[in-house]
Amino acid sequence: MGKITDITLQRSGKRVNIFVDGSFRCGLERITALQAGLAVGMETDDAALEALQLDSEKETAFNKAIAFVSSRRRTEKEIRLKLREKGYMPGVISAVIAKLRDYGYVNDAQFAHDYVEAYKDRAGGMKIRAELRRLGISDKLADEALRELSADDALESAMNCARRYLAARDFDRQKLYRHLASKGYSFDIVREAVNRAAQEEE
């Protein structure tokens, strides 16, 4: 148990921040806090606040998540972070994620596949994998999505990247090598692409 030490109004005026023992614990709709009779000095705990939030704000959290994914597909990690920023507690967030999965609004495997398709012509597998990991995609799902790329696909992508780079520059083997490596292509692919680019320059 802890003691509510502060309740502050958020900028929107519709939600409040709940502080327990001096630390931010969650955000609640103002009406929810009023109806529950929350006040400074009252004792509470995470379970009670989470139950209150789950009962009264699950739909609100779901609608916020829907608005977040409406602009583009998102990963579970991105949605969790967004809802956490809004002050929703773990139980509420998990319930929202489960509902989003059921409705087909979040699917990390499909996200990984689509991401690879979108960026395979602009970056190498290592960079794509790193970006997927940053976005919260597991290594297993990233590897499954990247498995669809062949060595020929990777080489063609590297060659296109090299041609774009050389369009406004003189050929410099070392600089081209560093550029392609920075794009996440493997050592073998970079070496082959640089050799082919050198032949094209000749």
Side-chain angles (χ1 to χ4, degrees), residues 61-62 64-201:
F62 179 74
K64 288 184 183 300
I66 289 294
F68 184 53
V69 302
S70 64
S71 58
R72 68 165 176 83
R73 189 181 290 273
R74 308 277 182 172
T75 64
E76 287 192 16
K77 178 183 178 181
E78 289 180 291
I79 297 168
R80 287 183 186 278
L81 288 174
K82 188 67 173 181
L83 292 178
R84 196 178 303 152
E85 288 172 3
K86 296 293 184 182
Y88 292 104
M89 301 186 77
V92 178
I93 294 173
S94 293
V96 169
I97 291 293
K99 191 172 181 180
L100 288 171
R101 282 199 210 107
D102 288 343
Y103 284 22
Y105 288 121
V106 61
N107 183 324
D108 279 1
Q110 186 62 48
F111 181 99
H113 171 79
D114 292 345
Y115 193 94
V116 169
E117 283 297 308
Y119 289 95
K120 67 180 182 180
D121 294 328
R122 288 180 273 174
M126 291 187 292
K127 185 170 184 178
I128 292 175
R129 181 182 284 103
E131 282 300 301
L132 286 173
R133 183 181 292 128
R134 182 184 65 79
L135 291 167
I137 299 296
S138 69
D139 288 341
K140 179 176 180 291
L141 291 180
D143 288 341
E144 288 176 358
L146 286 165
R147 201 171 294 135
E148 300 171 15
L149 295 182
S150 67
D152 288 341
D153 290 331
L155 180 57
E156 181 181 358
S157 173
M159 285 301 302
N160 289 334
C161 185
R163 292 183 185 111
R164 287 193 297 270
Y165 178 77
L166 293 171
R169 299 173 179 84
D170 292 331
F171 181 83
D172 183 304
R173 181 177 290 271
Q174 292 303 317
K175 287 182 179 179
L176 179 57
Y177 195 103
R178 287 195 296 270
H179 177 71
L180 293 178
S182 74
K183 294 295 184 180
Y185 296 102
S186 70
F187 173 79
D188 290 341
I189 292 296
V190 170
R191 182 177 58 187
E192 181 64 21
V194 170
N195 288 338
R196 292 196 182 191
Q199 292 172 4
E200 290 183 358
E201 286 293 312

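None of the values given here were measured: they were computed from a predicted structure.
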- Message: What I want to find out is whether Arg129 reaches Asp139 closely enough, with some N-O distance under 4.0 Å, to be called a salt bridge.
- Response: no
- Task: Answer yes if the side chains of Ser157 and Asn160 hold a donor-acceptor pair under 3.5 Å, and no otherwise.
- Result: no
- Message: Looking at every non-hydrogen atom in both residues, tell me the closest pair between Ala112 and Leu141 and how far apart they are.
- Response: CB-O, 4.0 Å
- Message: Using only atom types and a distance under 3.5 Å, with no angle test, would you say the side chain of Asn195 pairs donor to acceptor with the backbone of Glu192?
- Response: no
- Nearest non-hydrogen partners of Ile189 and Ala158, listed with the distance: CG2-CB, 3.6 Å
- Task: Go through Val92 and Leu83 one step at a time and tell me if the side-chain contact (heavy atoms from CB on, under 4.5 Å) criterion holds.
- Result: CA-CA 9 Å; Val92 178; Leu83 292 178; over 6 Å; no
- Are Glu148 and Lys120 within salt-bridge range, i.e. N to O under 4.0 Å? no
- Carboxylate-amine/guanidinium proximity below 4.0 Å for Arg147 and Glu144: no
- Under 4.5 Å between any side-chain heavy atoms of Arg80 and Pro90, yes or no? no
- In short, Ala65 meets Ile79 closest at the heavy-atom pair CB-CG2, 4.2 Å
- Are the side chains of Arg163 and Glu200 in touch, meaning some heavy atoms are under 4.5 Å apart? yes
- Any chance you could measure Tyr88, atom OH, to Lys82, atom NZ, to the nearest 0.5 Å? 11.5 Å
- Atom of Tyr185, atom of Leu180 and distance for their closest heavy-atom approach: CD1-O, 3.3 Å
- CG (Asp143) and CG (Leu132) are apart, to the nearest 0.5 Å, by 10.0 Å
- Item | Side chain Arg196, main chain Met159, donor-acceptor under 3.5 Å | no
- Note on the structure: One should read off an interatomic distance between Arg73 CZ and Glu78 CD, to the nearest 0.5 angstrom, of 11.5 Å
- Determine the minimum heavy-atom distance between Glu131 and Tyr115, stating which atoms define it. CB-OH, 3.3 Å
- Message: For the OH atom on Tyr105, are there more than 12 heavy atoms of other groups (residues, nucleotides or ligands in this structure) within a distance under 6.0 Å?
- Response: no
- Item | Pairing of Asp102 and Lys99 as salt bridge, 4.0 angstrom limit | no
- Is there a side-chain contact between Tyr165 and Phe171 (heavy atoms, below 4.5 Å)? no
- Message: I need the Glu85 CD to Phe68 CZ distance, nearest 0.5 Å.
- Response: 7.5 Å
- Item | Heavy-atom donor-acceptor pair, Ser182 side chain to His179 backbone, under 3.5 Å | yes
- Specify the closest pair of heavy atoms between Glu76 and Arg101, including all atoms of both residues, with the distance to one decimal. OE2-NE, 2.7 Å
- Heavy-atom donor-acceptor pair, Thr75 side chain to Gly136 backbone, under 3.5 Å: no
